[in-house]
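Notes follow once the structure below has been shown.
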Amino acid sequence: MAYVDEEIASQPSSWRRAADLAGEAADVLPRPGERVAVVGCGTSWFMAMAYAGLREAAGLGETDAFAGSEFPLSRPYDRIVAITRSGTTTEILDLIAATSVPTTAIVGDPDSPAVTAADETVLLPWADEKSVVQTRFATSALALFRAHLGADLSAAIADAEHTVTAELPLDPAATEQVTFVGRGWTVGLAQEAALKCREAAAFWTEAYPAMDFRHGPISISAPGRAVWAFGEVPVGLEADVARTGATFVHADRGGPGRAAGSAVSRDPMADLILAQRFAVALARHKGLDPDTPRNLTRSVILEP
């Protein structure tokens with residue numbers, strides 16, 4: 001068993017810990033009305049996108065997400081929130097050093113330089129990982145943010161307990177390509193699902209806002225390929241995908257504690273667990289080690 005298997009399976013318990021921590025960390029997380037920039041690299045950027053979408057939708061203040069290298073230093077913000085599992089990523093450390101805006105870092109490694117570089121930190125050492133491929137830390141950081149925004153994560157955690165063992169919706173041996181789509185905050189989840197498949201399995205994936213998918217990207221859909229949707233599905237999208245011959249994947253089911261047969265969507269963050277597991281299954285089908293993807297390291301540290 002690879003490290004990533006245990007890390008994926010442990011997400012329900014990690015989300016509980018993150019939800020419990022949200023109250024303790026409230027003083028260093030964005031306050032209502034603050035103008036906030038959320039930054040990260042790779043997976044952390046996609047979690048930043050999801051959090052930004054959730055915070056703005058909740059009416060708690062303007063919230064923008066940026067890749068660490070693309071942050072506009074001249075733009076005024078009240079707070080920068082940096083998500084960094086390793087706490088060593090060059091672009092994030094450079095940004096923290098260059099800005100005078102108060103910074104809060106969400107960090108997995110308590111001994112990393114980001115802990116002392118940022119003005120405030122929230123430590124998630126129990127969510128840190130040995131696998132290069134990031135799963136548990138990313139979703140635990142997002143669980144922390146969701147709980148801080150006032151969400152009750154009990155249903156999401158129950159859904160996650162199901163998806164860590166549920167049957168995969170696609171056969172890795174029979175799937176040539178997957179396009180992931182989302183709306184609002186789940187666009188970030190779609191991007192992350194696509195990245196997991198590329199990282200772990202060198203597999204062809206793409207990701208788009210669901211409404212934009214029909215503006216060109218649908219042209220690659222075909223038999224043997226799939227479109228996997230997170231969260232809300234635009235009217236008519238499933239039928240449009242069906243006409244291409246591609247498989248449409250979307251999580252509607254009666255979850256634990258819900259009426260049998262009720263068409264209740266599984267929490268999108270729990271659905272991401274299925275995509276993580278699909279990525280690992282793809283890697284194994286191709287004879288690859290999902291813990292150590294080619295050309296990747298745990299953290300990108302650039303020479304000065």
Side-chain angles (χ1 to χ4, degrees), residues 1-19 40 42-44 46-47 50 83-86 106-109 124-144 153 156-175 177-178 180 188-205 207 226 228 230 249 251 253 255-256 266-299:
M1 179 179 290
Y3 290 125
V4 72
D5 293 301
E6 184 277 327
E7 290 158 1
I8 289 173
S10 68
Q11 287 174 105
S13 60
S14 289
W15 297 0
R16 286 192 188 92
R17 295 188 70 168
T43 287
S44 294
F46 300 142
M47 295 302 101
I83 308 170
T84 171
R85 176 180 67 168
S86 69
I106 315 299
V107 186
D109 183 354
L124 310 181
W126 35 266
D128 202 357
E129 297 152 324
K130 294 182 179 179
S131 177
V132 169
V133 172
Q134 188 176 162
T135 55
R136 177 176 65 193
F137 176 79
T139 60
S140 296
L142 187 53
L144 172 80
L153 295 184
I157 292 168
D159 285 345
E161 288 171 337
H162 172 78
T163 55
V164 294
T165 58
E167 181 180 355
L168 294 177
L170 297 172
D171 178 0
T175 305
Q177 186 273 342
V178 180
F180 295 92
L189 300 189
Q191 292 284 358
E192 171 58 9
L195 179 63
K196 286 288 87 73
C197 295
R198 292 194 295 268
E199 286 180 332
F203 182 76
W204 176 21
T205 56
W228 187 324
F230 288 90
V249 177
R253 65 174 182 83
R266 179 167 50 226
D267 187 274
M269 202 163 74
D271 200 32
L272 180 59
I273 291 177
L274 275 183
Q276 293 168 345
R277 291 179 51 225
F278 177 66
V280 172
L282 282 168
R284 292 203 168 100
H285 172 67
K286 296 176 71 173
L288 301 174
D289 179 358
D291 277 338
T292 56
R294 66 187 186 188
N295 306 322
L296 292 180
T297 56
R298 173 177 159 82
S299 173

Side-chain (K196) to main-chain (R277) donor-acceptor, under 3.5 angstrom: no

Any donor-acceptor pair under 3.5 Å from D128 side chain to P125 backbone: no

Would you confirm whether R198, through its side chain, and T205, through its main-chain N or O, come within 3.5 Å as a donor-acceptor pair? yes

Using the side-chain contact (heavy atoms from CB on, under 4.5 Å) criterion, which residues pair with R17? Sequence neighbours excluded. W126

Please give me the minimum heavy-atom distance between A18 and S140, naming the atom from each residue. CB-O, 3.4 Å

Any donor-acceptor pair under 3.5 Å linking the side chain of R85 with the backbone of V107? no

Counting distance only, does the side-chain N/O of S14 pair as donor-acceptor with the main-chain N or O of A127 below 3.5 Å? no

Minimum side-chain heavy-atom gap V280-R284 below 4.5 Å: yes

Partner residues of E7 under the salt bridge (Lys or Arg N to Asp or Glu O under 4.0 Å) criterion, sequence neighbours left out: none

Among T84, T43, I83, which residue satisfies the side-chain contact (heavy atoms from CB on, under 4.5 Å) criterion with F137? I83

Donor-acceptor contact below 3.5 Å, side chain T175 vs main chain P172: no

Exercise: identify the closest heavy-atom pair between E161 and P12: CG-CB, 3.6 Å

What's the spacing between W15 CH2 and L153 CG if we round to 0.5 Å? 8.5 Å

To the nearest 0.5 Å, what is the distance between CD1 on I8 and OG1 on T165? 12.5 Å

Short side-chain donor-acceptor distance under 3.5 Å, T135 and Q11: no

Testing the basics here: between D109 and S86, what is the closest heavy-atom pair and its distance to 0.1 Å? CB-O, 3.6 Å

Find the distance between OG1 (T139) and CG (L144) and round it off to the nearest 0.5 Å. 11.5 Å

Distance col, row S131:OG vs E199:CD, nearest 0.5 angstrom, shows 9.0 Å

How far does CG of D271 sit from CZ of F230, to the nearest 0.5 angstrom? 5.0 Å

Ignoring hydrogens and geometry, is there a side-chain-to-backbone donor-acceptor pair from D159 to D267 under 3.5 Å? yes

Do you know the tightest heavy-atom contact between A160 and I273? CB-CD1, 3.6 Å

Any donor-acceptor pair under 3.5 Å linking the side chain of D291 with the backbone of Y3? yes

Closest contact, heavy atoms only, P290 versus A2: CG-CB, 4.1 Å

What one should report as the nearest heavy-atom pair of M269 and L189 is N-CD1, 3.9 Å

From E192 CD over to M47 CE, what is the distance, rounded to the nearest 0.5 angstrom? 4.5 Å

Residues that F180 engages under ring-ring contact (aromatic ring centres under 6.0 Å, His included), provided they are two or more places apart: W228

